[in-house]
Amino acid sequence: GAWGRPCGLACEPPARRMSPLTALLFDLDGTLVDTEELHRCAFNQSFRNLSLGWDWTPVLYAELLAVSGGAGRIAAYIDRLREPAAEKVRLRHLVPLIHAEKTRVYRDLLAGTAGLRPGIARLCEEALAEGMRIGIAASSASAGASELIARVFGKRSGLPISALVYADQVARRKPAPDLYELLLATLRVPAEHCVAFEDSASGVAAAKAAGLYVIATPTRWTAAQDFSLADLVRASLGEPERPLERLRARPALRVVGASP
């Protein structure tokens, strides 16, 4: 349970072998940096630039976040439109163009992007001090994510990234496990030695399908999604009463005692 609801942790018996934790794996947008409003503005500006007459309200955008990737969200939106079948076919052919324009606008808007979400820097610093590694499984393509990563994890941040994979490097996007499987292969670590952090239900499903222990940290955009697959749900990672030591080993944890 999260968002103010009571929650407890239950572990399987101590006799169960606990795996040493060697890497922390993060989704990018929403999990490390809350950039979703910036993305929404970029989508709407690109729609205006291309004279499409579309406008994604915050409520609509929150619904579209159930679909992984910007191009996928545009396609899902086209499916919702009350247009003739032939017009929908024409619009679907425009998805790459629309997404490319959105990416260009997003990069222009990125200069004002906020920093890491609360608790992320502290957690990464403690992990690195313990010899752990940091990996990122970005749900967006490299063109849209590389500049954000450079800004947030530049040389001044002191948070070196051991491995980084993008959505355009795999055949299937989240909720398929491909991104996390590629990240694990790049890091050369087994899933049982890692913990993944995600802010969306599709990301949680992807990480779980890759065999990872998953901590969900929803944002205001994804709070209404179903996080029942997550091993643990937290409103944020900024709570000083839960330092990294609580995650030094990876027992079979599950959220219990959550009230609806």
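Residue numbers count from 1 along this sequence.
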Original post:
Quick one: which of Arg107, His39, Gln45 gives a side-chain contact (heavy atoms from CB on, under 4.5 Å) with Lys102?
Top reply: His39
Please find the pair of heavy atoms, one from [X] and one from [Y], that lie closest to each other, and give the distance.
X      : Y      : answer
Asp178 : Ala171 : OD2-N, 4.1 Å
Leu212 : Val214 : O-CG2, 3.5 Å
Ala138 : Leu179 : O-CD1, 3.3 Å
Phe197 : Phe26  : CD1-CE2, 3.5 Å
Pro177 : Ala210 : CB-N, 3.8 Å
Trp221 : Ala62  : O-CB, 3.6 Å

Original post:
Is Leu38 reachable from Val67 through a run of I, L, V, M, F, W or Y residues, each pair having side-chain heavy atoms under 4.5 Å apart?
Top reply: no
**OP:** Establish whether Ile74 and Leu109 are linked, either directly or via other cluster members, by ILVMFWY side-chain heavy-atom contacts under 4.5 Å.
**Re:** no
Approximate separation, where rounding is to 0.5 Å, of [X] [atom1] and [Y] [atom2]:
X      : Y      : atom1 : atom2 : result
Thr35  : Tyr106 : OG1   : OH    : 4.0 Å
Leu21  : Cys194 : CG    : SG    : 7.0 Å
Ile134 : Leu187 : CD1   : CG    : 9.5 Å
Leu32  : Leu148 : CG    : CG    : 8.5 Å
Ile78  : Ile98  : CD1   : CD1   : 5.0 Å
Leu128 : Ser162 : CG    : OG    : 7.5 Å

Original post:
Under the salt bridge (Lys or Arg N to Asp or Glu O under 4.0 Å) criterion, do Arg122 and Glu125 qualify, and how do the steps go?
Top reply: CA-CA 5 Å; Arg122 172 187 57 79; Glu125 288 166 0; over 6 Å; no
Main chain of [Y], side chain of [X]: is a donor-acceptor contact present, judged purely on distance under 3.5 Å?
X      : Y      : result
Thr217 : Ser236 : no
Arg133 : Ala23  : no
Thr57  : Leu60  : yes
Gln169 : Tyr166 : yes
Lys208 : Ala230 : no
Ser46  : Glu101 : no
Thr222 : Pro218 : no
Ser200 : Gly203 : yes

Quick one: are [X] and [Y] in side-chain contact, heavy atoms under 4.5 Å?
X      : Y      : value
Gln225 : Leu65  : yes
Leu25  : Leu184 : yes
Val33  : Leu116 : yes
Phe47  : Val105 : no

Subject >> Trace of the side-chain contact (heavy atoms from CB on, under 4.5 Å) decision for Val165 with Val170 >> reply: CA-CA 9 Å; Val165 297; Val170 296; over 6 Å; no
State whether [X] and [Y] are salt-bridged, where the test is any N-O pair (Lys NZ or Arg NE/NH1/NH2 against Asp/Glu carboxylate O) under 4.0 Å.
X      : Y      : value
Glu37  : Arg40  : yes
Glu198 : Lys174 : yes
Asp199 : Arg117 : no

**OP:** Decide yes or no on side-chain contact (heavy atoms from CB on, under 4.5 Å) for Leu64 and Arg80, but give the supporting numbers first.
**Re:** CA-CA 11 Å; Leu64 290 171; Arg80 291 176 170 219; 4.1 Å; yes
**OP:** Could you list who else is in Val89's hydrophobic cluster, with ILVMFWY side chains joined at under 4.5 Å, directly or through other members?
**Re:**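 Same cluster as Val89: nobody, lone residue.
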Original post:
Side chains of Ser139 and Asp29: do they bring a donor and an acceptor to under 3.5 Å?
Top reply: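 Side-chain D/A pair, Ser139 to Asp29: absent.
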**OP:** Tell me whether the centres of the aromatic rings in Trp54 and Phe43 are closer together than 6.0 Å.
**Re:**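 Between Phe43 and Trp54, which both carry aromatic rings, the centre distance is not below 6.0 Å.
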